[in-house]
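What follows is a set of notes on a single structure, which appears directly below.
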Amino acid sequence: MDVSLSVWLITCAVILGLFVFDFFTHVRVPHAPSLKESGIWSAVYIGFAVIFGLFVWWNWGSTFGGEYFAGYVTEKALSVDNLFVFVIIMAKFAVPKEYQQKVLLLGILMALVMRGIFIAVGAAAINAYSWVFYLFGAFLIFTAVKLLRESDDPVEHEEERETRLERFVKRYLRTHDSYDRDKLFTRVNGKRLATPMLMVLIVIGFTDVLFALDSIPAIYGLTSEPYLVFTANAFALMGLRQLFFLIGGLLDRLVYLSIGLSIILAFIGVKLVLHALHENTLGFINGGEHVAVPEISTGLSLSVILGVLVITTVASLIKSRGMASTTEVESAGEPADPDAPAPKSTDL
């Protein structure tokens, strides 16, 4: 895939412009967005991602177009998992709703910068050492197992990580317990103290690093083109702020999301290991020769990813509906409180 420097610069300028536009039109004035506003702009950013994918398909061919869409869908699914963690962070630090947009946008920008660095490092490593695919594959399989183990109570595991990070930060920063609008620092009795807003940004930034460690190897399992890796990540992160407010309440109902993501990561991990075996140069494996193993096509990868997401989403909604119905039946069957006052008569 031949991507000129000018195309890279134009792409980066457009992506940065969209973030600047988002800030000045939606985030600059603090407010809690409505469902209508969030829904419209979520659809707009998804539309941008699809249009760009069609452009890749038209300009560079169906192979690269398919790789982009597979990468975009995977990164979007992982981004929804990010939203679940963001919900926990916002609740833990009691971030006022009107200031959550700014925190999310800054967090998404940090995520894009982190992923850009990881993409560059990953591309350099892959070009220099083909055996890096073994490491990526093994790491994704390990992550999938870890995610599956934590799927029983993801809130508890995430809160434990945040508490440890919060204690670490407070050892080196003088902090204040109250928010001062959306400021990162405030003055109390002449002393400059960090507000909880800065703590939230630090926690989100650290979380972004952890997510980048998962997402970059995952997408490199679907395409080895840095341009597609970067753009798929960028478009997946765009609209994440609006999606946070749009499906924030729905996230609790996606009870099988972690299981679905673990299956996807394990699948891509196996795909990377197979690719590494096919391109093998390690002397202690088959004498340094390529190993004749089947390789998983981009079309099959996209089908598996979409299939797993659809099945886990439908299963989650069915499970959540059943749990809600059970709760309603149990509530209806509870005995009346003997100390409750008797209902007033309406007879005349």
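Given the structure is predicted, the values throughout are model-derived calculations rather than measurements.
Between Leu104 atom CG and Leu109 atom CG the span is 11.0 Å, to the nearest 0.5 Å. To the nearest 0.5 Å, atoms OG1 (Thr231) and CD (Glu75) are separated by 10.5 Å. Note that CD1 of Ile117 is 10.5 Å distant from CG of Leu112, once rounded to the nearest 0.5 Å.
Between Glu225 and Val3, every side-chain heavy-atom pair lies at or beyond the 4.5 Å cut-off. You'll find the side chain of Ile216 reaches within 4.5 Å of the side chain of Asn233, heavy atoms only. No side-chain heavy atom of Ile141 sits less than 4.5 Å from a side-chain heavy atom of Leu272. Tyr220 is not listed as a side-chain neighbour of Val132, based on a closest heavy-atom distance of 4.5 Å or more. Proximity of Trp60 to Leu228: side-chain heavy atoms (C-beta onward) are nowhere separated by under 4.5 Å. Two residues are said to be in side-chain contact when any heavy atoms from C-beta on lie closer than 4.5 Å; Arg115 and Met110 fail this criterion. Within the 4.5 Å cutoff, no side-chain heavy atoms of Glu67 are placed close to those of Val56. Counting heavy atoms from C-beta outward, Trp57 and Phe69 have side chains that approach closer than 4.5 Å.
Formation of a donor-acceptor pair under 3.5 Å by the Trp58 side chain with backbone atoms of Gly53 is not found in this model. Between the side chain of Thr313 and the backbone N or O of Val310 there is no donor-acceptor pair closer than 3.5 Å. Side-chain atoms of Tyr68 never come within 3.5 Å of backbone atoms of Val50 as a donor-acceptor pair (strictly under, hydrogens ignored). With Ser262 contributing its side chain and Ile259 its backbone, the two residues share a donor-acceptor pair below 3.5 Å.
Scanning both residues, Pro226 and Ile119, for their nearest heavy atoms gives O-CG2, 4.1 Å. Contact between Leu265 and Ala144 at its shortest, heavy atoms only, is CB-CB, 4.1 Å. In terms of heavy-atom proximity, Ala232 sits nearest to Gly71 at CB-C, 4.0 Å. In plain terms, the two heavy atoms of Ile15 and Ala234 that are nearest each other are CD1-CB, 3.6 Å. In plain terms, the two heavy atoms of Ser301 and Phe267 that are nearest each other are CA-CE2, 3.8 Å. Across every non-hydrogen atom of Gly221 and Lys271, the tightest pair is O-NZ, 2.8 Å.
For the side-chain contact (heavy atoms from CB on, under 4.5 Å) criterion with Ile305, the lone passing option out of Ile264, Leu300, Ile263 is Ile264. The one candidate from Phe52, Tyr45, Tyr72, Phe55 that meets the ring-ring contact (aromatic ring centres under 6.0 Å, His included) condition with Phe235 is Phe52.
Linking Ile, Leu, Val, Met, Phe, Trp and Tyr whenever their side-chain heavy atoms come within less than 4.5 Å puts Phe230 and Ile10 in one cluster. A chain of hydrophobic side-chain contacts below 4.5 Å, direct or via other Ile, Leu, Val, Met, Phe, Trp or Tyr residues, connects Trp8 to Phe64. Residues Val44 and Val20 share a single hydrophobic cluster, defined by chaining ILVMFWY side chains whose heavy atoms lie under 4.5 Å apart. Hydrophobic clustering of Ile, Leu, Val, Met, Phe, Trp and Tyr side chains at less than 4.5 Å, counting indirect connections, keeps Leu237 apart from Ile51. Under a hydrophobic-cluster definition in which Ile, Leu, Val, Met, Phe, Trp and Tyr are linked whenever side-chain heavy atoms come within less than 4.5 Å, directly or via other members, Leu222 and Leu135 are assigned to the same cluster.
Aromatic ring orientation, Trp41 versus Phe21: tilted (interplanar angle from 30° to 60°).
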What verdict does the side chain to side chain contact (heavy atoms under 4.5 Å, CB included) test give for Thr223 and Val229, after you've listed the backbone C-alpha separation in whole Å, the side-chain angles of each residue and the deciding distance to 0.1 Å?
CA-CA 7 Å; Thr223 177; Val229 174; 3.9 Å; yes
